[in-house]
There are 2 protein chains.
Amino acid sequence: MNSDYKILLVDDEPDILEFLSYNLKKEGYAVCTANNGKEAIVVAKRENPHLIILDVMMPDMDGIETCRELRALPGLKDVMIAFLTARSEDYSQIAGFEVGADDYINKPIKPRVLISRITALLRRGKSTAEVNQKMDLGGIRIDRERYVVVQDGKEINLPKKEFELLALLASKPGKVFTREAILDQVWGGEVVVGDRTIDVHVRKLREKLGEDFIRTVKGIGYKFEF
Amino acid sequence: MNSDYKILLVDDEPDILEFLSYNLKKEGYAVCTANNGKEAIVVAKRENPHLIILDVMMPDMDGIETCRELRALPGLKDVMIAFLTARSEDYSQIAGFEVGADDYINKPIKPRVLISRITALLRRGKSTAEVNQKMDLGGIRIDRERYVVVQDGKEINLPKKEFELLALLASKPGKVFTREAILDQVWGGEVVVGDRTIDVHVRKLREKLGEDFIRTVKGIGYKFEF
DNA sequence: CGCAATGTTAATTCAATATTAACATAAGAT
DNA sequence: ATCTTATGTTAATATTGAATTAACATTGCG
């Protein structure tokens, strides 16, 4: 489903906001909006969208300027940014790309083109967004891309099941995962394995990482803590 | 200097080819041309350009089809491809993005916009394209241009598949590439070859470079490390 | 205490990968 | 074209190391 993606629309004209919002929601995207540049920055910080669509012509702070400020925010380095321009404004295409835009979209907007364009943009952005699947907790970093766990700078290579188990527990530190849930997530629904299997994997993780990271909650399951 | 970048222009109208070529060369880009889709594929394979600009409307094989075939070539996964379209042909924008285009450029073409656009495109592609020029890692240098691998000063000639496999793994040292990803990148999407084929190529690389450069991550894939 | 849940270790099973050699195909040479 | 060699692929078999289990030990809560 497209709702994996959140899109922030920024335009001073409510009609356009409405029109875009309607079309994007219909495709299943999560949509949030802002009426001007200042608001856009606030919302962007809060919502962390995957894509921001900026009208170039706006009072006070125009799209170019907004884009520049957005790009300066640490968390928003990897967001895709597209500009909305009137067909004739060539100058803004130039300025836009210089300021770090990923695409521009001409008005008047045709829904089919819009959607197609956005799909392409998000697909392109995915590569970098996906890379950031790293977690960092209590001196331990789980690096999915390289498939290693880094503890105090040392790389630890874990076999698949151990890695996935650790990743699951660490994905919500403090939360207790029942054995059932663990089997379901790490092993996959249908697989049936013996009772002691999880314990053994936990043992190995404790050997490799230290005894204190995974805690047993008797009668319930296991949790990661640091 | 811009001449780090090679651009392939494809159009059936000599005038346009001439016009674009002139403007791009003036900016310092290396330019090569083709008059139709078939020719484009031949030239692209030979020249390995960073960016291909394709006219959508061409006799025989149109831009969309050409793009599809280009994308299917293993060596050209990372090329940037831009389409040249008449302003009205919205349909081609849709089809174009679906087929893996990175941008489209409207006719009539204004030099300033063209250059700005191309700069942006190349910058975007840089991450992957530039890396593929020359990499230097742990005593190994991969020289795409000369298609050789240099290890401790010695030149090693690798067959195509071995070279591409090594180049892929080395393009992101440490990153684990799944077999699926490897097949997709090195062999190309449609081709179906057995799983053991990859192993055999890995073995040959290990024979030639040493056992320790390619590490297998059981259940996941392979990674390059040094 | 007694019992059920969890821990531990080592042995076993099993699946993924490695290896080799045979076969197929493409590229170059004559 | 035909021969020749380099490259690519497959199939059969071996090997490795991860995953699982079995057997027994320990814990901790009612």
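Computed from heavy atoms alone, side chains included, the values below leave out hydrogens, waters and symmetry copies. Every chain is numbered from 1, with letters handed out A, B, ... down the list of sequences.
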Looking at [Y] and [X], is there a salt bridge between them, counting it only when a charged N and a carboxylate O are closer than 4.0 Å?
| X | Y | value |
| --- | --- | --- |
| A:Lys160 | A:Glu164 | no |
| B:Asp199 | B:Arg179 | yes |
| A:Lys175 | A:Glu225 | no |

How long is the straight-line distance from [atom2] of [Y] back to [atom1] of [X], given to the nearest 0.5 Å?
| X | Y | atom1 | atom2 | answer |
| --- | --- | --- | --- | --- |
| B:Leu158 | B:Ile156 | CG | CD1 | 6.5 Å |
| B:Leu169 | B:Arg215 | CG | CZ | 13.5 Å |
| A:Asn157 | A:Lys208 | CG | NZ | 9.0 Å |
| A:Leu168 | A:Ile142 | CG | CD1 | 10.0 Å |

Original post:
Is the closest side-chain donor-acceptor distance between A:Thr216 and A:Arg206 under 3.5 Å?
Top reply: yes

Euclidean distance, atom [atom1] of residue [X] to atom [atom2] of [N] [Å, nearest integer]:
| X | N | atom1 | atom2 | result |
| --- | --- | --- | --- | --- |
| A:Ile182 | D:dA19 | CD1 | C1' | 16 Å |
| A:Asp195 | D:dT21 | CG | C1' | 11 Å |
| B:Arg203 | D:dG8 | CZ | C1' | 14 Å |
| A:Ile220 | D:dT27 | CD1 | C1' | 17 Å |
| B:Asp199 | D:dA11 | CG | P | 14 Å |
| B:Glu207 | D:dA6 | CD | C1' | 15 Å |
| B:Arg215 | D:dA18 | CZ | P | 10 Å |
| A:Leu205 | D:dA18 | CG | P | 13 Å |

Subject >> For chain A, the stretch of DNA chain C it reaches, first to last nucleotide, under 4.0 Å of its heavy atoms >> reply: C:dA5 to C:dT9

Original post:
Within a reach of under 6.0 Å around CD of A:Glu211, are more than 12 heavy atoms found that belong to other residues, nucleotides or ligands?
Top reply: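 Above 12, so yes.
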
Subject >> Within 6.0 angstrom of A:Glu207 CD, more than 12 heavy atoms from elsewhere >> reply: yes

Subject >> Proximity to the side chain of B:Arg196 - top-ranked nucleotide from D:dG8, D:dA12, D:dA19 >> reply: D:dA12

Mind checking if [X] touches a base, just sugar-phosphate, or nothing, with heavy atoms under 4.0 Å?
| X | result |
| --- | --- |
| A:Thr197 | base |
| A:Lys161 | sugar-phosphate |
| B:Val202 | nothing |
| B:Phe163 | nothing |

Subject >> Nearest-nucleotide 5' precedence on DNA chain C, B:Val200 against B:Val217 >> reply: B:Val217

Original post:
Is any side-chain N or O of A:Trp187 closer than 4.0 Å to OP1 or OP2 of D:dT20?
Top reply: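 Answer is yes, contact under 4.0 Å.
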
Original post:
Would you say the side chain of B:Lys160 and the base of D:dT7 hold a donor-acceptor pair, judged only by whether the two atoms sit under 3.5 Å apart?
Top reply: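 No pair found.
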
Original post:
At what angle, to 10 degrees, do the two end axes of the helix from C:dC1-D:dG30 to C:dT30-D:dA1 meet, given five pairs define each axis?
Top reply: 30°

Original post:
Relative to the 5' end of DNA chain D, which residue comes earlier, A:Lys218 or A:Val193, by the nucleotide with the nearest heavy atom?
Top reply: A:Val193

